Amino acid sequence: MLNWNDYQYLLAVEAAGSLAAAARRLSVSQPTVGRRLNALSEALGVQLVTLSSDGAQLSERGRKICEQARVLGQQAALIELTAREGKASEATRLRIAASEGFASVMLVGLFAEFQDLHPNIHIDLISGTRMSDLRHSEADVAIRVGDPIDDQLHGRIVGQIDFGLYAHHSYLDKGLPLATVADLQDHAIVESTGEIENLPQAKRLREMAPKAKVTFSSNSPLNQIDAMLSGFGILPLPTYRARNLPGAHRVLDTVFKMQTDIWLLYRASARERGEVQTVIDFLARELPKALKA
């Protein structure tokens with residue numbers, strides 16, 4: 001069987017006009033070009049090139065063979081392109097579910113790093129107050145704060161989140177005393193409703209200040225933060241979420257202390273996929289670092 005690479009030597013000689021120029025074009029030695037052309041001529045049983053002081057001249061049969069070789073070269077290039085396109089299209093899609101606030105603050109930047117390390121794994125980040133159902137394949141991996149409350153899923157703890165009470169300086173400037181738990185009863189709070197009504201931090205504040213005035217309530221953590229920053233009252237927040245909020249100040253930091261586990265959850269069958277294990281290992285390694293940053 002003929003070697004396709006030998007035809008490239010013939011095409012190079014046709015384009016360059018001499019064995020020396022063809023060798024430079026192909027980044028090989030001149031004897032290599034001559035040897036490969038002789039091998040091709042012997043295999044085909046025809047004289048392809050005539051050497052003279054003017055360079056290398058292709059025979060009539062050699063020129064016709066070059067025309068066919070160019071067609072073969074184009075077909076080979078198309079085959080390689082198809083293979084590369086097919087490989088790119090094989091990128092694996094992973095659906096990662098997390099709460100909206102956690103996703104925007106902690107995960108988007110981490111997944112940019114993950115993409116650099118694993119370009120063939122596409123992350124579909126599903127965020128919102130309702131956690132996607134892993135058992136019904138709405139997500140491959142879920143990141144949940146607190147007790148996962150689902151013994152049919154597998155998981156691992158990858159870190160802890162600290163919580164505190166926060167208020168905007170425009171609210172604190174009103175001057176109401178705020179040194180003890182008892183003082184909370186005379187303050188206003190931002191309440192959690194709907195899907196987030198039973199978050200541990202919301203329940204804790206409710207228990208500590210049952211007589212506090214509710215001035216704003218929402219089922220959206222983002223709306224709650226906007227309300228707190230607008231001076232509506234006191235809101236429990238993860239410390240990672242509050243650290244860069246303009247004008248937000250932590251209050252009663254020695255009284256209101258909470259720490260909640262972060263779980264990575266997945267179905268047992270999902271972990272059999274190598275890419276799922278890859279993203280789990282990445283998050284287990286990088287999330288604790290990001291939380292401490």
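As a basis for the values below, the full set of heavy atoms in this structure was taken, side chains included, without hydrogen atoms, waters or symmetry mates. Here the structure is a predicted model, which is why all the values come from computation and not from measurement.
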Checklist entry - Just wondering, do Phe216 and Leu235 contact through their side chains at under 4.5 Å, heavy atoms? => result no
Next on the checklist: Would you compute the distance between atom CD of Glu60 and atom CD1 of Ile65 and round it to the nearest 0.5 angstrom?
Outcome noted: 11.0 Å
Checklist entry - So, Gln277 versus Asp281: side-chain donor-acceptor pair below 3.5 Å or not? => result yes
Checklist entry - Is a donor on one side and an acceptor on the other found under 3.5 Å between the side chain of Gln30 and the backbone of Ala21? => result no
Checklist entry - Do the side chain of Arg95 and the main chain of Asp124 share a donor and acceptor less than 3.5 angstrom apart? => result no
Item to check | side-chain contact (heavy atoms from CB on, under 4.5 Å) evaluation trace for Arg206 with Lys203 | outcome: CA-CA 5 Å; Arg206 209 174 290 133; Lys203 292 172 66 176; 3.8 Å; yes
Next on the checklist: Is it the case that the side chain of Gln47 and the backbone of Val49 share a donor-acceptor pair, with hydrogens and angles ignored and the cut-off at 3.5 Å?
Outcome noted: yes
Next on the checklist: Hydrophobic clusters here meaning ILVMFWY residues chained together by side-chain heavy-atom distances under 4.5 Å, can you tell me if Leu252 and Val190 are in one?
Outcome noted: no
Item to check | Sequence neighbours excluded, every pair satisfying ring-ring contact (aromatic ring centres under 6.0 Å, His included) that has a member inside residues 177-209 | outcome: Tyr171-His187
Checklist outcome for this item: Between the CD1 atom in Ile126 and the CD1 atom in Ile123, the distance rounded to the nearest 0.5 Å is 10.5 Å
Item to check | Shortest non-hydrogen contact between Ser218 and Asn223, atoms and distance | outcome: OG-CB, 3.5 Å
Item to check | Residue list, salt bridge (charged side-chain N to carboxylate O under 4.0 Å, His left out) with Lys211, at least two apart or on another chain | outcome: none
Checklist entry - Are any non-hydrogen side-chain atoms of Leu37 and Leu19 less than 4.5 angstrom apart? => result yes
Next on the checklist: Under a 3.5 Å distance rule, please check whether Ser217 uses its side chain to pair with a backbone N or O of Thr193 as donor and acceptor.
Outcome noted: no
Next on the checklist: Please report the interatomic distance OG(Ser99) to CD(Glu195), rounded to the nearest 0.5 Å.
Outcome noted: 12.5 Å
Next on the checklist: Strictly by side chain to side chain donor-acceptor pair (under 3.5 Å), give each pair with a member in residues 243-261 just once, sequence neighbours left out.
Outcome noted: Gln160-Asp261, Asp162-Gln259
Next on the checklist: Would a single hydrophobic cluster contain both Leu107 and Ile280, if residues Ile, Leu, Val, Met, Phe, Trp and Tyr are joined by side-chain heavy-atom contacts under 4.5 Å?
Outcome noted: yes
Checklist entry - Quick one: do Leu237 and Phe163 end up in the same hydrophobic cluster if we chain Ile, Leu, Val, Met, Phe, Trp and Tyr together by side-chain heavy atoms under 4.5 Å apart? => result no
Item to check | Aromatic ring pairing Phe111/Phe114, orientation class (parallel under 30°, perpendicular over 60°, tilted between) | outcome: perpendicular
Item to check | Least distance between heavy atoms, Ala290 atom then Met106 atom | outcome: CB-CE, 3.4 Å
Next on the checklist: Between Met228 and Leu222, is there shared hydrophobic-cluster membership here, with clusters defined by ILVMFWY side-chain heavy atoms closer than 4.5 Å?
Outcome noted: no
Checklist entry - When rounded to the nearest 0.5 angstrom, what distance separates CD in Glu113 from CG in Leu110? => result 5.5 Å
Next on the checklist: Distance check, rounded to the nearest 0.5 Å: Gln224 atom CD versus Glu191 atom CD?
Outcome noted: 8.0 Å
Item to check | Under 3.5 Å: donor-acceptor pair, side chain of Ser230, backbone of Phe232 | outcome: no
Checklist entry - Would Val158 and Leu283 count as a side-chain contact (heavy atoms from CB on, under 4.5 Å) if you check the C-alpha gap in whole Å, the side-chain angles of each, and the deciding distance to 0.1 Å? => result CA-CA 8 Å; Val158 294; Leu283 290 171; 5.8 Å; no
Item to check | Short N-O contact, Glu286 and Lys289, less than 4.0 angstrom | outcome: yes
Checklist outcome for this item: Residue pairs passing the ring-ring contact (aromatic ring centres under 6.0 Å, His included) test with at least one member in residues 11-30, sequence neighbours excluded, are none
Item to check | Heavy-atom closest pair, residues Gly155 and Leu265 | outcome: CA-CD2, 3.9 Å
Checklist entry - Below 4.5 Å, heavy atoms only, C-beta onward: do Cys66 and Leu58 meet side chain to side chain? => result yes
Checklist entry - Heavy atoms, side chains only, cut-off 4.5 Å: are Leu178 and Ile234 in contact? => result yes
Checklist outcome for this item: Sorted by chain and number, sequence neighbours left out, side-chain hydrogen bond (donor to acceptor under 3.5 Å, both in side chains) with Arg241 holds for none
Checklist entry - What's the shortest heavy-atom distance between Ile196 and Ser220, and which atoms? => result CD1-N, 4.1 Å
Checklist entry - Does any non-hydrogen side-chain atom of Leu184 lie less than 4.5 Å from one of Leu205? => result yes
Checklist outcome for this item: Residues passing the salt bridge (charged side-chain N to carboxylate O under 4.0 Å, His left out) test with Asp186, sequence neighbours excluded, are none
Next on the checklist: If I take atom CG from residue Leu48 and atom CD from residue Glu42, how far apart are they, to the nearest 0.5 angstrom?
Outcome noted: 10.5 Å
Checklist entry - Below 4.5 Å, heavy atoms only, C-beta onward: do Glu275 and Asp140 meet side chain to side chain? => result no
Checklist entry - For Glu197 and Ala202, which heavy atoms make the closest approach, and how far apart are they? => result O-CB, 4.0 Å
Item to check | Cluster overlap Leu287 with Ile121, hydrophobic side-chain contacts below 4.5 Å | outcome: yes
Checklist entry - If we only count heavy atoms from C-beta on, is the Met258 to Pro200 side-chain gap below 4.5 Å? => result yes
Next on the checklist: Applying side-chain contact (heavy atoms from CB on, under 4.5 Å) to Leu264 and Ile143, what does each step give before you reach the verdict?
Outcome noted: CA-CA 5 Å; Leu264 287 183; Ile143 302 171; 3.5 Å; yes
Checklist outcome for this item: Looking only at heavy atoms, the pair that brings Asn219 and Gly194 closest together is CB-CA, 4.2 Å
Checklist entry - Where do Ile262 and Ile161 land on the side-chain contact (heavy atoms from CB on, under 4.5 Å) test, with the steps shown first? => result CA-CA 7 Å; Ile262 305 174; Ile161 292 179; 3.4 Å; yes
Next on the checklist: Could you tell me if the side chain of Tyr166 sits less than 4.5 Å from the side chain of Leu245, heavy atoms only?
Outcome noted: no
